[in-house]
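Throughout, residue positions are numbered sequentially from 1 according to the sequence presented.
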Amino acid sequence: MGFVMEGLAAESYDRSYSDSDLVRRILRYFRPHLRIMVLVAAMIFLNSAMDAALPLLIARSIDRLAAAKADADLWRNAAPLIAAILGAGVLSWTFNFFRQWYTARTVGDVVLKLRQDAFDAVLERDMSFYDESPTGKIVSRVSSDTQDFATVVTLTLNLMSQLLLVIIIATILFFIDVRLALIALLISPFIVMAALAFRRIARFTTQQSRRVLAKVNANVQESVAGISVAKTFRQEWKIYHQFHEVNAQAYRVNLRQGLVFSSIFPILGTIAGVGTALIVYFGGLNILSGQVTPGEWFLFVESINLFWFPLTSIASFWSQFQLGLSASERVFALIDAEPRVLQHSNAPAPELAGRIEFKGVDFRYSEQEQVLLGFDLVIPAGETVALVGHTGAGKSSLAKLVARFYEFQGGELLIDSRDIRSFDLSSYRRQLGVVQQTPFLFAGTVRENIRYGQPRAEDDQVLAVARRIGGGDWLEALQQGLDTVVGEEGKGISMGQRQLVALSRVLLQDPGIVILDEATASVDPLTEAQIQEGLEEVLKSRTAMVIAHRLSTIKAADRIVVLRQGNIIETGNHHSLMAQGGHYAELYNTYYRHQSLDYDPETLTPPPKTSPA
């Protein structure tokens with residue numbers, strides 16, 4: 001079965017809970033609904049009592065009809081019992097209706113709260129969590145698994161109903177015939193043991209079923225997100241082939257789960273059938289000897305049928321229960337995932353001047369991926385620092401540490417001479433503006449996206465900020481100005497316009513520290529000029545860390561820090577670093593020189609040096 005379960009290993013944050021721990025955790029969610037659950041329990045009891053009363057009333061009717069000597073006696077004896085049978089049926093339906101109604105409401109409220117807790121946990125997780133966990137699998141836990149959590153509740157309430165019915169029926173069986181009732185009880189342990197034998201298998205198969213569903217969701221999410229790339233390279237067949245493999249694996253896993261669950265009832269039914277055969281045989285002997293009446297015999301046969309069904313349901317309960325418990329376990333594992341970014345205290349961050357100091361900082365993404373070791377860097381308040389270097393030099397890592405997206409393993413990171421781990425992250429990040437390399441916009445209008453960091457900003461403030469970026473000329477290119485609707489991830493407007501919206505968003509936020517990962521996408525010269533003007537406006541009088549890709553931004557920086565393999569190898573401004581002829585000059589000739597107005601493709605030497613301003 002290895003090929004069936006391939007790739008279905010637990011996530012790094014998964015953990016195992018015992019059944020009792022899971023049940024206790026589930027019960028906490030029902031504590032606020034205790035009064036309704038008591039009412040549901042009362043409805044269950046009354047419903048079970050009415051179900052048990054029906055065969056009893058029918059048996060009494062049979063005895064009375066058998067004793068009747070005339071038609072008048074027949075009707076006189078049967079009429080009240082018929083009315084009682086109809087009344088019991090109506091009451092049984094009524095009690096069951098209210099039981100189902102209040103159960104549905106309670107379960108809906110509990111699932112709502114659980115899903116809120118799961119989504120809150122998703123928002124609280126560190127960025128490293130998302131590096132390791134596919135988006136589709138997280139979505140599966142928040143949506144599918146929380147819904148399957150309701151299975152536990154429904155099964156629990158059904159168990160209560162079936163248990164009450166077994167107790168009532170068992171009492172009736174002993175009242176009719178002790179010997180036959182004992183035969184039924186002797187068969188019962190075999191049914192329970194057979195069901196419990198399936199428990200471990202059921203738990204394992206349901207876990208794998210939930211994981212393969214998450215894998216399917218992750219594959220679909222990734223395929224849809226990358227569909228443009230697939231179409232560009234005509235690789236739709238590859239996406240389909242990958243989905244086909246994942247879907248086929250889901251089929252095999254779910255088939256195995258179906259076989260496990262579908263096999264338990266036939267086995268339990270066979271055991272119950274053996275018990276019924278024994279009871280029919282010995283009960284028939286009692287009828288022949290006159291020890292029981294026809295009505296009592298009917299009552300016993302009907303009661304034993306009622307007895308077997310809830311008993312097998314209870315016995316199989318633990319196997320089916322694993323479906324809900326497995327879903328609950330996955331949700332609770334998401335909620336309980338240990339954060340890696342830990343704050344020593346949660347003091348509100350004061351208004352930041354923006355001084356940043358790395359003191360002997362050690363940082364690694366994993367044990368095998370050391371990025372920084374004893375790293376030192378001071379960025380005075382109000383300075384714009386451009387970080388340059390080859391891929392993997394550590395530029396983005398520095399920005400992520402200042403944004404407190406990742407935890408460093410050694411040293412200190414100080415903001416305004418205070419440990420960054422002492423701030424309340426919400427108040428700290430409100431004074432931190434981040435512009436990503438590929439700006440992300442939410443579905444909505446341009447105005448709503450600019451206002452995202454300041455939801456209470458007035459329309460006039462949003463418009464004023466937008467006009468400060470590139471003189472506001474870019475707004476004329478939007479079909480409906482600030483009310484232009486953008487689609488998912490900003491689809492509907494150009495990449496350059498997305499960058500301008502992102503810059504406007506940061507400017508409205510008015511942060512003390514700006515982290516900018518410049519986009520490398522090519523834009524037209526007009527948009528390029530507007531973006532550059534916007535950058536100048538955003539970076540003015542603020543501390544800024546810029547992962548620079550544009551030569552114009554690098555030249556405009558107060559200081560350039562050249563990184564290689566997590567170490568600072570050069571620092572200075574553009575002209576001084578070019579004069580050194582070191583690593584920065586090499587980067588300039590390789591990556592930036594073509595952006596210069598002095599660029600001459602016929603020569604590999606840098607343009608003439610000028611004296612630093």
Side-chain angles (χ1 to χ4, degrees), residues 127 341 349 352-361 363 371-372 375-408 411-421 423 425 428-439 453 499 502-503 505-507 509-520 531-532 534-564 566-574 577 584 587 592:
M127 290 304 297
V341 173
L352 298 180
R355 185 178 189 274
I356 302 171
E357 183 177 3
F358 293 85
K359 296 178 65 176
V361 172
F363 174 65
V371 180
L372 304 175
F375 183 84
D376 294 306
L377 174 65
V378 176
I379 304 176
E383 183 181 53
T384 296
V385 172
L387 305 175
V388 299
H390 289 294
T391 301
K395 308 183 297 295
S396 296
S397 298
L398 293 176
K400 290 173 181 176
L401 291 178
V402 173
R404 200 72 180 116
F405 290 154
Y406 290 82
E407 184 65 81
F408 51 93
E412 291 182 290
L413 176 52
L414 306 179
I415 305 296
D416 289 352
S417 301
R418 290 182 57 181
D419 191 333
I420 194 173
R421 292 169 293 192
F423 293 132
L425 284 181
Y428 171 67
R429 285 175 178 154
R430 275 196 289 270
Q431 302 185 61
L432 190 72
V434 180
V435 181
Q436 300 169 327
Q437 187 177 43
T438 303
Q499 294 178 36
L503 291 173
R505 183 162 56 192
V506 171
L507 192 58
Q509 184 182 351
D510 193 22
I513 299 174
V514 173
I515 297 173
L516 171 65
D517 191 350
E518 274 197 306
T520 56
I531 291 173
Q532 191 57 43
L535 285 175
E536 292 173 2
E537 186 69 29
V538 169
L539 302 181
K540 188 185 302 180
S541 303
R542 292 182 175 88
T543 305
M545 294 179 64
V546 182
I547 302 171
H549 302 290
R550 292 185 176 93
L551 180 60
S552 55
T553 305
I554 296 173
K555 284 184 174 182
D558 299 314
R559 182 163 48 125
I560 301 170
V561 173
V562 185
L563 298 168
R564 182 165 61 191
N567 296 305
I568 298 175
I569 57 173
E570 294 174 356
T571 183
N573 60 28
H574 172 72
L577 291 175
Y584 176 78
L587 290 172
Y592 304 123

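Side-chain atoms of Leu516 and Val506, non-hydrogen and from C-beta on, never get closer than 4.5 Å to each other. Side chains of Val435 and Gln499 form no contact here, defined as non-hydrogen atoms less than 4.5 Å apart. At least one side-chain heavy atom of Ile568 sits less than 4.5 Å from a side-chain heavy atom of Leu563. A 4.5 Å side-chain heavy-atom check between Phe363 and Leu413 finds every atom pair outside the cut-off. Looking at heavy atoms from C-beta onward, Val546 lies in side-chain contact with Leu539 at the 4.5 angstrom threshold. A heavy-atom distance below 4.5 Å is not found between the side chains of Ile513 and Gln431. Residues His574 and Tyr584 are in side-chain contact: their nearest non-hydrogen atoms beyond the backbone lie under 4.5 Å apart.
Between Lys395 and Asp517 there is no salt bridge, since no side-chain N of the basic residue sits under 4.0 Å from a carboxylate O of the acidic one. Under 4.0 Å is where a charged nitrogen must lie from a carboxylate oxygen, and between Asp416 and Arg418 no such pair does.
Here Glu570 contributes atom CD and Leu577 contributes atom CG; the two are 5.5 Å apart, rounded to the nearest 0.5 Å. Rounding to the nearest 0.5 angstrom, the gap separating the CG atom in Leu352 from the OH atom in Tyr428 is 7.0 Å.
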Step-by-step side chain to side chain contact (heavy atoms under 4.5 Å, CB included) determination, Leu372 to Leu398: CA-CA 9 Å; Leu372 304 175; Leu398 293 176; 3.6 Å; yes

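Evaluation of the side-chain hydrogen bond (donor to acceptor under 3.5 Å, both in side chains) rule for Glu357 yields Arg355 as partners, not counting sequence neighbours. Residues meeting the side-chain hydrogen bond (donor to acceptor under 3.5 Å, both in side chains) test with Asp376, sequence neighbours left out: none. Applying the side-chain hydrogen bond (donor to acceptor under 3.5 Å, both in side chains) criterion to Thr543, with sequence neighbours excluded, gives no partner residue. Shown here are the side-chain hydrogen bond (donor to acceptor under 3.5 Å, both in side chains) partners of Glu383, two or more places apart in sequence or in another chain: Arg559. With sequence neighbours excluded, the residues satisfying ring-ring contact (aromatic ring centres under 6.0 Å, His included) with Phe358 are Phe375. Among residues two or more places apart in sequence or in another chain, the ring-ring contact (aromatic ring centres under 6.0 Å, His included) test is passed with Tyr406 by Tyr365.
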